[in-house]
Amino acid sequence: MDNPVWEWLIKSEISAYWAKKEFDGATLLEDGPGWSFKRFGQSSTELEDGRIVLIAGEHEDSYDSDFFIYNDVVVKNPNGTLEIYCYPKEIFIPTDSHSATLAGNRIVLIGSLGYPKERKPGTTQVYVLDLPAFAINAIECTGNSPGWLHKHTAAYVPDENAILITGGMIFTGDEDRQFRENIDDWKLHLADWRWERLTQRRWQQWELRRESGELNSLFYIENFAFWSRFKGNKPADEQLNSNKEALGFEPDVDLFAELYSPPVPYEKIPENEDEYGVCRIRVNGVTVRYVVDIWSVRIAVEEDLPASTTETLVSDLQNKLSALEKTPYEIIRL
């Protein structure tokens with residue numbers, strides 16, 4: 001594609017929103033979501049010759065007027081020039097939160113979150129991008145696949161000509177339990193495009209979310225707790241007032257600090273700086289992981305614990321969340 005506006009947006013890293021403001025909205029971008037290269041869920045692969053291949057991704061989320069999931073490929077050349085490749089949706093559907101693994105002269109794309117209507121529970125999306133021609137093709141795989149996977153980690157295993165998949169989230173298609181964590185390891189053999197399941201872990205998982213189905217307020221409460229340490233400072237007080245206004249009440253900072261401290265003997269595990277919203281503790285030698293997002297808090301018990309202990313862990317968190325946010329929370333077994 002030869003599009004100078006897109007090239008400007010790629011190089012400047014200006015979002016569609018700011019591009020519209022730059023021209024006072026007097027552009028064709030008003031006819032629908034504005035094209036944007038400020039994305040998340042986009043893969044980046046560096047080739048041996050220094051080129052960087054950026055694939056697809058998503059701009060914002062469904063609440064935003066510029067929300068869009070892309071199905072393009074952008075190549076940044078070492079000399080600063082760009083190549084933009086676009087594909088019909090019939091060839092390459094809008095894709096985000098996938099992995100991109102360099103294997104010889106091709107990039108293997110695995111997984112996607114995608115638009116709700118394009119998700120296929122029980123299958124795993126796989127594409128191959130041919131680097132000499134930049135043609136892209138969907139691959140039909142055999143074997144036991146992870147399901148509709150996204151936000152996972154992929155690593156090429158040269159000796160086996162295979163890709164190892166760990167972590168991530170799986171869309172189940174179940175209305176009440178739409179997503180669950182991928183707790184097993186998988187391998188995709190590239191010689192015959194065959195999936196192999198490597199583990200069969202029996203971890204216990206729960207999701208706690210507001211009974212109303214609304215987004216939680218933990219971000220605002222966390223922000224309030226942070227700025228509370230600097231109370232009396234003008235910028236801090238402004239932040240505190242802003243968060244109180246968003247919440248409609250002043251949160252209990254002490255209760256927030258004890259959110260992941262259950263009434264059972266436990267040991268806190270140091271945080272991983274590369275992770276956000278993840279807290280781990282060890283109970284009777286078993287790792288218990290709390291994962292926070294805008295919709296829920298998930299608990300994963302990574303080995304066996306007595307039923308009475310897991311019940312205490314889950315009910316304790318439910319009671320604390322309900323009290324902290326002043327709204328009932330429900331427990332969903334995953």
For the residue pair [Y] / [X], report whether a side-chain donor-acceptor contact shorter than 3.5 Å exists.
{"X": "Glu196", "Y": "His189", "result": "yes"}
{"X": "Thr81", "Y": "Asn77", "result": "yes"}
{"X": "Ser261", "Y": "Tyr266", "result": "yes"}
{"X": "Glu325", "Y": "Thr327", "result": "no"}
{"X": "His59", "Y": "Ser15", "result": "no"}
{"X": "Thr95", "Y": "Asn71", "result": "no"}

Residue pair [X] / [Y], side-chain heavy-atom distance below 4.5 Å:
{"X": "Leu188", "Y": "Thr124", "answer": "no"}
{"X": "Asn241", "Y": "Trp227", "answer": "no"}
{"X": "Arg280", "Y": "Glu275", "answer": "yes"}
{"X": "Ser62", "Y": "Asp64", "answer": "no"}
{"X": "Tyr127", "Y": "Ile93", "answer": "yes"}
{"X": "Val278", "Y": "Arg289", "answer": "yes"}
{"X": "Leu259", "Y": "Tyr290", "answer": "no"}
{"X": "Leu54", "Y": "Phe37", "answer": "yes"}

Looking at Arg210, Lys326, Glu222, which hits side chain to side chain donor-acceptor pair (under 3.5 Å) with Ser217?
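That would be Arg210; it is the only one of Arg210, Lys326, Glu222 passing the side chain to side chain donor-acceptor pair (under 3.5 Å) with Ser217.
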
Does [atom1] in [X] sit with more than 12 non-hydrogen atoms of other residues, nucleotides or ligands closer than 6.0 Å?
{"X": "Glu140", "atom1": "CD", "answer": "no"}
{"X": "Tyr220", "atom1": "OH", "answer": "no"}
{"X": "Arg194", "atom1": "CZ", "answer": "yes"}
{"X": "Phe219", "atom1": "CZ", "answer": "no"}
{"X": "Lys187", "atom1": "NZ", "answer": "yes"}
{"X": "Asp2", "atom1": "CG", "answer": "no"}

Run Glu258 and Lys320 through salt bridge (Lys or Arg N to Asp or Glu O under 4.0 Å) and show every step you take.
CA-CA 8 Å; Glu258 295 297 316; Lys320 286 176 178 175; 5.3 Å; no

Counting N and O atoms only, with roles assigned by atom type, does the side chain of Thr172 sit under 3.5 Å from a partner on the main chain of Gln178, one being a donor and the other an acceptor?
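Confirmed, Thr172 side chain pairs with Gln178 backbone.
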
For the side-chain contact (heavy atoms from CB on, under 4.5 Å) test, which of Glu118, His150, Gln125 pairs with Ser112?
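So, applying the side-chain contact (heavy atoms from CB on, under 4.5 Å) to Ser112 and each of Glu118, His150, Gln125, only Gln125 qualifies.
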
Using the six-membered ring wherever Trp is involved, compare the ring planes of Phe68 and Tyr70 and label them parallel, tilted or perpendicular (cut-offs 30° and 60°).
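Perpendicular, since the angle between the ring planes exceeds 60°.
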
Step by step, work out the salt bridge (Lys or Arg N to Asp or Glu O under 4.0 Å) result for Lys11 and Glu13.
CA-CA 6 Å; Lys11 291 178 179 179; Glu13 298 185 353; over 6 Å; no

Give the cluster check for Leu149 versus Ile183: same hydrophobic cluster or not, with ILVMFWY residues linked at side-chain heavy-atom distances below 4.5 Å.
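In one cluster: no.
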
Linked, directly or transitively: Ile331 and Leu313 (ILVMFWY side chains, under 4.5 Å)
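Yes, Ile331 connects to Leu313 through the hydrophobic network.
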
Given Ser43 and His98, is the side chain to side chain donor-acceptor pair (under 3.5 Å) satisfied, shown in steps?
CA-CA 7 Å; Ser43 63; His98 55 284; 2.9 Å; yes

